[in-house]
Structures are given as structure tokens and as C-alpha cells.
**Q** 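The following block contains the structure, expressed as C-alpha cells.
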Amino acid sequence: MNIPEVFYKFCQGLHQDAFDDYGPEPQDLINGALGFVQKKEYGVLRDFLATLLGGNSTDAELNDIYNSTDRDIAIRGPRGVRPFLELALKTIGNRMQ
């Protein structure tokens with residue numbers, strides 16, 4: 001799968017100090033990480049996440065893609081990173097309106 005550079009930028013925002021810098025909630029982390037992305041790149045990131053989440057990707061595949069980035073924050077849970085990426089997709093969509 002071709003992962004766009006903007007996804008890596010977004011994940012760079014999920015660094016070791018992210019909870020202190022942005023806040024403890026997933027929405028806080030997403031808002032902070034989007035600070036690493038230029039607004040003109042939102043469409044590419046949105047399209048990538050929509051394709052990724054709307055396709056046949058398993059939770060394990062999503063976790064592998066997320067873990068292949070330069071992020072410091074591990075996301076755990078029964079569905080792994082999927083709910084986090086779904087929230088990121090929704091947040092980007094709201095910002096683009």
C-alpha cells in the first residue's frame with residue numbers, strides 16, 4: 001500500500017510529549033497532530049484514511065500501517081487503531097467544511 005507523506009507527518013505529531021502538549025483525550029491528540037499537517041494537505045490525508053478505513057483492511061493491517069510510522073504513542077484496545085483513525089477522519093472532514 002502506498003502511504004502518503006502527509007500520514008507520516010500526522011503521526012509525527014503523536015510524539016512522547018503529546019499528552020502533555022495537547023491533552024489526554026484521543027480528540028486532543030488528533031487536534032495536536034493535525035498541527036503537523038498543512039491545511040492544503042487535509043484532502044490527501046482524508047482521502048487516504050477514507051480509503052484505508054472503507055476498504056477491506058483488517059484491524060491488524062491498520063495497526064501495522066500505524067506502527068510503521070514515526071509515532072511514539074501506541075494505541076491499544078479491542079479494535080486497535082481503527083477507532084482513532086475513524087475519529088481523525090471525522091475531525092479532518094469537519095475542519096474542511
Side-chain angles (χ1 to χ4, degrees):
M1 168 172 282
N2 186 22
I3 301 171
E5 186 63 33
V6 68
F7 184 69
Y8 291 103
K9 285 183 182 180
F10 171 75
C11 290
Q12 281 180 324
L14 302 170
H15 53 76
Q16 65 185 11
D17 296 324
F19 290 107
D20 293 333
D21 291 348
Y22 314 139
E25 300 300 322
Q27 186 67 64
D28 299 328
L29 296 175
I30 290 165
N31 288 332
L34 284 173
F36 283 67
V37 176
Q38 295 179 19
K39 289 185 182 188
K40 66 182 181 181
E41 298 174 303
Y42 280 4
V44 173
L45 183 56
R46 179 203 58 207
D47 293 348
F48 172 71
L49 291 176
T51 299
L52 190 64
L53 294 166
N56 295 325
S57 299
T58 66
D59 291 342
E61 290 168 330
L62 293 177
N63 290 339
D64 288 344
I65 290 168
Y66 176 75
N67 290 330
S68 74
T69 68
D70 190 24
R71 84 321 173 251
D72 290 333
I73 296 175
I75 298 176
R76 294 182 176 82
R79 294 178 56 217
V81 74
R82 184 179 297 273
F84 183 78
L85 295 179
E86 288 171 343
L87 183 58
L89 177 60
K90 180 180 177 184
T91 300
I92 294 164
N94 289 340
R95 286 187 177 203
M96 291 180 70
Q97 292 182 357

**Q** Which pair of non-hydrogen atoms, one from E41 and one from V6, has the smallest distance, and what is that distance?
**A**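 Heavy-atom minimum between the residues: CB-CG2, 3.6 Å.
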
**Q** Side-chain contact test, heavy atoms from C-beta onward, threshold under 4.5 Å: evaluate it for N2 versus F48 and give yes or no.
**A**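 N2 does not reach F48 side chain to side chain.
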
**Q** If you take all heavy atoms of P78 and D59, which pair is closest and at what distance?
**A**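 P78 and D59 have their closest heavy atoms at O-OD2, 4.5 Å.
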
**Q** Give a yes or no on whether the backbone of L62 and the side-chain of S57 come within a donor-acceptor separation of less than 3.5 Å.
**A**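 Such a contact is absent between S57 side chain and L62 backbone.
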
**Q** Are I92 and F10 side-chain neighbours, meaning at least one heavy-atom pair lies under 4.5 Å?
**A**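 Side-chain contact under 4.5 Å: no.
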
**Q** Any side-chain heavy atom of D70 within less than 4.5 Å of one from Y8?
**A**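 Heavy-atom side-chain distance check fails, nothing below 4.5 Å.
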
**Q** Looking at every non-hydrogen atom in both residues, tell me the closest pair between R71 and N67 and how far apart they are.
**A**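 It is NH2-OD1, 2.6 Å.
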
**Q** Looking only at heavy atoms, what is the nearest atom pair of A88 and L49, with distance?
**A**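 It is CB-CD1, 4.1 Å.
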
**Q** I30 vs F84, test: side chain to side chain contact (heavy atoms under 4.5 Å, CB included). Steps then yes/no.
**A** CA-CA 8 Å; I30 290 165; F84 183 78; 3.5 Å; yes

**Q** In Å, rounded to the nearest 0.5 Å, how long is the span from OH of Y42 to CG of N94?
**A**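 With rounding to 0.5 Å, OH (Y42) is 11.5 Å from CG (N94).
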
**Q** When you measure from the side chain of N63 to the backbone of V81, do you find a donor-acceptor pair of N or O atoms at a distance under 3.5 Å?
**A**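 Checked: pair present.
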
**Q** Might you point out which heavy atoms bring I75 and G80 nearest each other, and give the distance in Å?
**A**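 So the minimum-distance heavy-atom pair works out to CG2-O, 3.9 Å.
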
**Q** Going from CZ on F7 to CG on L45, what distance comes out if it is rounded to the nearest 0.5 angstrom?
**A**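 That separation rounds to 7.5 Å.
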
**Q** To the nearest 0.5 Å, tell me how far R82 CZ sits from L52 CG.
**A**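 One gets 8.0 Å once the value is rounded to the nearest 0.5 Å.
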
**Q** Kindly say whether L85 contributes a backbone atom to a donor-acceptor pair with the side chain of Y66 at under 3.5 angstrom?
**A**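 Between the backbone of L85 and the side chain of Y66 there is no qualifying donor-acceptor contact (under 3.5 Å).
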
**Q** How far does OG1 of T91 sit from CD of E86, to the nearest 0.5 angstrom?
**A**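 Here the interatomic distance stands at 11.5 Å.
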
**Q** What is the minimum heavy-atom distance between R95 and N31, and which atoms define it?
**A**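 It is NH2-OD1, 3.2 Å.
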
**Q** Are H15 and Y22 packed together at the side-chain level, in the sense that at least one heavy-atom pair is separated by less than 4.5 angstrom?
**A**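 In short, these two side chains touch, coming nearer than 4.5 Å.
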
